[in-house]
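Chain letters run A, B, ... following the sequence lines, proteins first and then strands; every chain starts at 1. All values below come from the heavy atoms of this structure, side chains included, with hydrogens, waters and symmetry mates left out.
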Amino acid sequence: MDLDTIIQVLDSTIRLSTPLLLACLAGLFSERAGIFDIGLEGKMLFSAFFSAAIAFTTGSVWLGLLAGMVASIALSAIHGLASITFRGNQLISGVALNFLASGLTVLVAQDWFRQGGRTPTLEGGARFEAITLPFAESLRGVPVLGPIYADLISGHSILVYVAFAMVPLTWWVLFRTRFGLRLRAVGEAPEAVDTAGVSVVGLRFAAVAICGALCGLAGAYLATGLQAGFVKEMTAGRGYIALAALIFAKWRPWYALVACLLFGLLQAIALRYQNIDLGAFVVPVQFMDALPYILTVVILAGFVGKAIPPRAGGEPYVKER
Amino acid sequence: MTQPAIELKGISKAFGPVQANRDISIRVMPGTIHGIIGENGAGKSTLMSILYGFYKADAGEIFINGKKTEIPDSQAAIAAGIGMVFQHFKLVQNFTVLENVILGAEEGQLLKTSLSKARGVLKQLAEDYALRVDPDALIENLSVGHQQRVEILKALYRQADILILDEPTGVLTPAEADHLFRILEGLRDQGKTIILITHKLREIMEITDTVSVMRRGEMTATVKTSETSPEELAELMVGRKVLLHVDKKPAQPGKPVLEIENLRHVDSWGVERLKGISLSVRAGEILGIAGVSGNGQSELLHVLGGMTTATGTIRVNGQEIDLTGQHSDGQSRRARGIAHVPEDRHHEGLILPYTAWENLVFGYHRDPAIQKGWLMDNAGIKAEAAKKMERFDVRPPNPNLAARNFSGGNQQKIVLAREIERDPDILLVGQPTRGVDIGAIEFIHKEIIRLRDKGKAILLVSVELDEILSLSDRIAVMFDGRIMGERLPAETDQTELGLLMAGVTEKPDKPLIEAVDEQLKAKAQREARNNV
Amino acid sequence: DPALIYDLGGKFDKSFNEAAFNGAERFASETGGTYKDIEIQSEAQREQALRRFAEAGFNPIVTTGFAIANIMGEVAKDYPETKFVNVDGWLPEVPPNVLLINFQEHQGSYLVGMMAAMASKSGTIGFIGGMDIPLIRHFGCGYAQGAKAVNPDVKIIANMTGTTPTAWNDPVKGSELAKSQISQGADVIYAAAGGTGVGVLQTAADENILSIGVDSNQNHLHPGKVLTSMLKRVDVAVFEAMSAGADLETGKFMTLGLAEDGVGYAMDDNNAPLVSEEMKTAVDAARQQIIDGSLNVVSYYENDSCPALQF
Amino acid sequence: MDRMPAWADAVLVPLFSIVLAAIISALVILAIGESPVEAFKLMVDGALMKSSGWGYTLYYATNFIFTGLCVAVAFHARMFNIGGEGQAMIGGLGVALACLFIPWPHWTVALVGAMAAGALFGAGWALIPAYLQAKRGSHIVITTIMFNFIAAAVLNYVLVNLLRPPRAMDPATATFPPATHLPTFQQMFSTAETPLFRGSPANVTFFLAVAACIGVWFLIWRTRLGYEIRAFGHSETAARYAGISSVRITVIAMLLSGALAGCMALNTTMGEAERLVMNATEGAGFIGIAVALMGRSHPVGVFLAALLFGFLYQGGAELALWTNIPRELITVIQALVILFTGALDNMVRMPLERLFLSFRKGGQA
Ligand SMILES: Nc1ncnc2c1ncn2[C@@H]1O[C@H](COP(=O)(O)OP(=O)(O)OP(=O)(O)O)[C@@H](O)[C@H]1O
Ligand SMILES: Nc1ncnc2c1ncn2[C@@H]1O[C@H](COP(=O)(O)OP(=O)(O)OP(=O)(O)O)[C@@H](O)[C@H]1O
Ligand SMILES: [Mg+2]
Ligand SMILES: [Mg+2]
């Protein structure tokens, strides 16, 4: 494999990892605060649609992004209502929201644009354009590093850089700020937070809202960064992969980056090398397609050590009855 | 005249159908230690949690230093100068001591300043009140006693003037409890007001200035400690005269039925919990295991009851039993005639949503006698259950009621009825009277002794020294996974047992608490090492 | 009135079903008639929709997609007065009131394959399919043969999007596949992948290479960037079936290939600058040869394999 | 001393939750410019007022009973099996293999054989997640989701490359031999004068589903195994105390769960399509979650909830047939039903409980 090919595969990895990473960090905030969320998929989808729809109608991708985040946060609010306020089952709420997003996006899209559940193609200012970093062109000539900078690091849409910047930011927020301390505490021992005079409900809603905002970014990236419009079910299971990456990452930001890059890489390889001919037999495309899922299972089977979720995760905080 | 530091007026609180507090009024003067005493479930914790803003009262008013104060949440309580150490600590296990102390009382948005400030304050507090803890240790690596210190530090860090402690001594060795009381006295002398919840009469008499008694959600009396007696308090607590000791004939021990040699157990975290236990229990005797909880007693019961694996030898009636492998589980032990009344009836002994009759065969449900072909003979089981409930005076005697709907004492009777009525050779009993009212305690003690008098071997684990002393025919003391020594009840006392419970085997030349603390520190450090 | 039953992909798949819908719309606007349509959502609803429409007196009932053919054959026997039409299906025996319309997609794909090879400067062209099923291989196979006919050394990169039905609706993956193919040198990519193809065409336009649409005329999606579209005139078939009404001739197979203008390649203002005269002549010549039988494009179905491409 | 009578919890709470879901659904229908009343009438007419409507409703219900029971059995052992979809897919493969490659003399024998095969394959697909959960603590929710994706890939490979008859276009197996065709309701109940269930796909598998309900009820509430499964589900530590092996119960419960999902394929693959197609499960595995939740994991509840969802499916099809409402409306309604009955049930329960409590207090006073 030559350098170009490697760069191309890695380039593809970055693009495929970005939505995973955003969703994974979203899940990280929520689950660190003790709220499990298998509704990442639905939130991304919701945001993908609303960001594309608003970007199309207003012609501004930034308004679209805002709309996508608001829509995603709205779903988060329902999840919060169900799992925080009414102490419902968090998994079920997530499943329901995934269904809701999958149905409602198409329903609204059809009612709005009459194009069979998709938005019209976005053009110009309604899309995120790739950003060329300074000196990318002039440095291209430098051996090895030049192409890496120009082709791999430069030339992505702004949301990619935002996503990668979110990793240190998340780490910093969680481990260096008051909010982060409280957030981690509420996922481990909500009663400790409560008796320390801090609102468990408030913290958890804040975490869920951040989760919504990040899923909003992920969805908007899919529809307005990677693509030029919304197509039904366009998240195609990425929310679930992000969830697996989160477990793989043991709920830690830097590990999340590694996990998402790994899954992105696997997908990039599966896309580029279908039907790998091993001489004795041919690995079918179906196998390559399923590889990320198989690998997740292998990882979960404990070959990377035990992943212990936040102690209060998945359980509603109940002090009376 | 000085204002009371705390005055509660007409506090009521219901949890669904349970009236936990009914129209309670109480006044506590500043600079005093006020005791609250009452049976399990009397509503002590609830009342204090209301004062701390953890629960919201249905009715009633709170006055702090004479001023009416609304306490809708713990934030308000902290602002009013109240600190509370809960019965179950409210600490974040994988945070450090410092992080736990500043949680909710941080200065500014960033942690750095808060952490360095807290470090200084903790140092000062440690000197002022003899409250030393390593600020960078993780909570999960601290002994319970030190965790309690962290809770007290949390309150002091928030500049509490009123400190509430909910059953603080339940988890401590006698020497540690003593040390705690010295700290509390120090705090009182600095002008702080302290409320101490306990159900141990001895402690009330020892340290409090005034005492209130609660019974079934009501406040039955408030008296000066110097003007009352343990007998009077017990009567106020229970509502009738209570026998404070157990009647029993001397034991007639036979040959050893249960022999344990060099038993070792490593838990799932890799920590060695049993470090070579050797014991034997003879027919017709009760062997009591004393110890502060967390020193391997639970693990011992779990191994004997087949819930976990171990190495070493266990012989039942001379026959060795499998300790790992496929044939080592609860079923195999039952087949050998070992019955087990577990320490935790809610999580081990009972399936709370199951009905009484279902619970009365729990663990014995594979017995061929209660099967009808492929199915379970539910009608037969029910009839049998009704008889057992009758005999053990379970109230109400309704086999169709779910276990969770019985009171603690009656739940415990269901477990005992199930295990004792199988007529086992060996009975393992853990904390038989934890969370059980005094009437039921008397009944349960009698049943255990009756079984002993039938010539059965009984291994009793309890953290209540009184219970150990009054029931056992022989006492073994456990500390840190080892047996520190065996004593006969007639030849020992609380002080000696208390030292053994802290791992101190010889009469120390230094002050008691230091000897105890040294042992506990060594133990905590061993565990911390094991955990990494 | 006629009725139309779409296949599972749904009415607005931007290709196959949408072409059927366009045909029906054309029928409605040109004849002033009305029609009824439904997008089924499960396998079992196929039979239900057929029967309900037949009972309600719709005639003819047009269906799209091979999957419904079997059931249609059964149901047709119960409603001898009603005429049934299916696009893409195949039955061992055709009942007298059934018309099966097949398209020679490989022939159309052959032509666009030729155009791709001729337009390619790099000598590498791409094919992106949706779910890996025989029909899609059928498309790819014709495409490869056409390309090889122009340039025996042409490199053809063929990818399938996936194995689940989401493969039809994953434009992101379509994009990545396109990017991957572009990075391997492809400068013309043919997308036969439903909604996923939207992503392929988009990326091709963004990356400034050429793409080829499928089923409907997709040239307008990115004017000047879509080389052509492989037309499968489902719209014409549907329009004609609906217009014929009760007079529709049934009881037979109808195969629409190049000769019948059932398949072809799209030319319009959007792609006129992209298609050179030379290209047009070559393609039209091949078209003629296929029509008169002197050129045989091998169908993937013949023996489940493709002479020009390994899947 | 219960807080609220059990019947109220079992009947009133789901009922009010459904009503809430219905109200929101009506608002959604209004919002897209259609009449909810008309829509509801159409749904009822199409699903319940004709025998053929019932034939569809029961056909869908049969699927949902199986997948609902699948989720319910796992729930009793406190496991959230999201893998019903994949287990049903692979179960379908088992059914197809049995039907295609064994020369059955009669449909009754074929049904038994195919059932065994479907159950075996479905159970087999649940085995690895179960084993990983039991032995290594791998979260069953995630592993079963992954196994759904993997199942789709396996099925795709098998259908495209191995089982597809030569020259067929469809990624599907050949049609099963006639000896394996199951009698439909139409064949069973129609007489010459009164044709019933015409054209509808409901078939004899429905009775199997009912039998499965009864079987699961006996298993869970009358056998030792059921006793142990429930005990394990309520409290893992107590189960260990009683000597109930967590590995054994986890694996057995998941195998049963997978087997039930696998049996769903009898209805779709053997009963309806008479061949195995790519997307035979159509999300029924996920609907099973909602069905189990609404049915409180009790077979009677599962049966009723499956009927409700069957009605939604069939009514929704009728809607799509006669109005311009997109089919995704049904997805939205399902989502709302799951949300209100499964996750927001306390929103109904809390006020209801307060109401009961105040009644009781009033009664005592
Ligand atoms: N969070 C809660 N929800 C429901 N009921 C509760 C709750 N907390 C306490 N109760 C009930 O209220 C009553 C009083 O409980 P409380 O904990 O105040 O008693 P206590 O006197 O502290 O007993 P103990 O000595 O066991 O700590 C009991 O019947 C208990 O079951
Ligand atoms: N690394 C550690 N891990 C866990 N616990 C520790 C660690 N280091 C110290 N401790 C605990 O912190 C306590 C403080 O130690 P130190 O010996 O200074 O206290 P002390 O003077 O005995 O206490 P006091 O002032 O209450 O008499 C020890 O008792 C020990 O249990
Ligand atoms: Mg208490
Ligand atoms: Mg000291």
Q) Could you go step by step and tell me if D:Phe147 and A:Val297 meet the side chain to side chain contact (heavy atoms under 4.5 Å, CB included) rule? A) CA-CA 8 Å; D:Phe147 266 70; A:Val297 174; 3.8 Å; yes

Q) What's the verdict on side chain to side chain contact (heavy atoms under 4.5 Å, CB included) for A:Gln110 and D:Glu328, showing C-alpha distance, side-chain angles and the deciding distance? A) CA-CA 10 Å; A:Gln110 175 58 10; D:Glu328 276 77 14; over 6 Å; no

Any idea which of [options] has the most non-hydrogen atom pairs under 4.5 angstrom with chain A?
options: D:Gly342, D:Gly33, D:Ala335, D:Pro129; value: D:Ala335
options: D:Gly283, D:Pro326, D:Ala290; value: D:Pro326
options: D:Leu344, D:Val337, D:Leu132; value: D:Leu344
options: D:Phe340, D:Phe286, D:Tyr157, D:Tyr131; value: D:Tyr157
options: D:Val332, D:Ile128, D:Asp345; value: D:Val332

Q.
Could you work out, with side chain to side chain donor-acceptor pair (under 3.5 Å) as the rule, every residue matching A:Gln90, not counting sequence neighbours?
A. none

Mind checking the [atom1]-[atom2] spacing from [X] to [Y]? Nearest 0.5 Å is all I need.
X: D:Ile330; Y: A:Leu107; atom1: CD1; atom2: CG; value: 10.0 Å
X: D:Leu339; Y: A:Leu81; atom1: CG; atom2: CG; value: 8.5 Å
X: D:Thr143; Y: A:Ile247; atom1: OG1; atom2: CD1; value: 9.0 Å

Q) So does A:Tyr255 have more than 12 non-hydrogen atoms from other groups sitting under 6.0 Å from OH? A) no

Region of [X] that comes under 4.5 Å of a non-hydrogen atom in chain A:
X: D:Ile32; value: both
X: D:Ile145; value: side chain
X: D:Val28; value: side chain
X: D:Val141; value: side chain
X: D:Leu329; value: both

With respect to chain D, which residue among [options] yields the maximal number of heavy-atom pairs within a distance under 4.5 Å?
options: A:Ser93, A:Ala96, A:Ser102; value: A:Ala96
options: A:Trp112, A:Phe86, A:Tyr240, A:Phe99; value: A:Phe86
options: A:Ile38, A:Leu104, A:Leu91; value: A:Leu91

(Q) Against A:Leu100, only a single residue in D:Leu336, D:Ile338, D:Ile333 fulfils side chain to side chain contact (heavy atoms under 4.5 Å, CB included); can you say which? (A)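 The residue from D:Leu336, D:Ile338, D:Ile333 that satisfies side chain to side chain contact (heavy atoms under 4.5 Å, CB included) with A:Leu100 turns out to be D:Leu336.
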
Q. Which heavy atom of D:Ile142 sits nearest a heavy atom of A:Ala244, and at what distance?
A. CG2-CB, 4.2 Å

Q. A:Leu291 versus chain D, heavy atoms under 4.5 Å apart: side chain, backbone, both or neither?
A.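 No part of A:Leu291 comes within 4.5 Å of chain D.
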
Q. Is it the side chain or the backbone of A:Asn89 that comes within 4.5 Å of chain D heavy atoms, both, or neither?
A. both

Just so I know, are the side chains of [X] and [Y] near enough to count as touching, which here means a heavy-atom distance under 4.5 Å?
X: A:Arg87; Y: D:Met347; answer: no
X: D:Val158; Y: A:Gln286; answer: no
X: A:Ile92; Y: D:Phe80; answer: yes

(Q) Would you call the rings of D:Phe149 and A:Tyr293 parallel, tilted or perpendicular, taking 30° and 60° as the class edges? (A)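 Ring orientation of D:Phe149 relative to A:Tyr293: parallel.
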
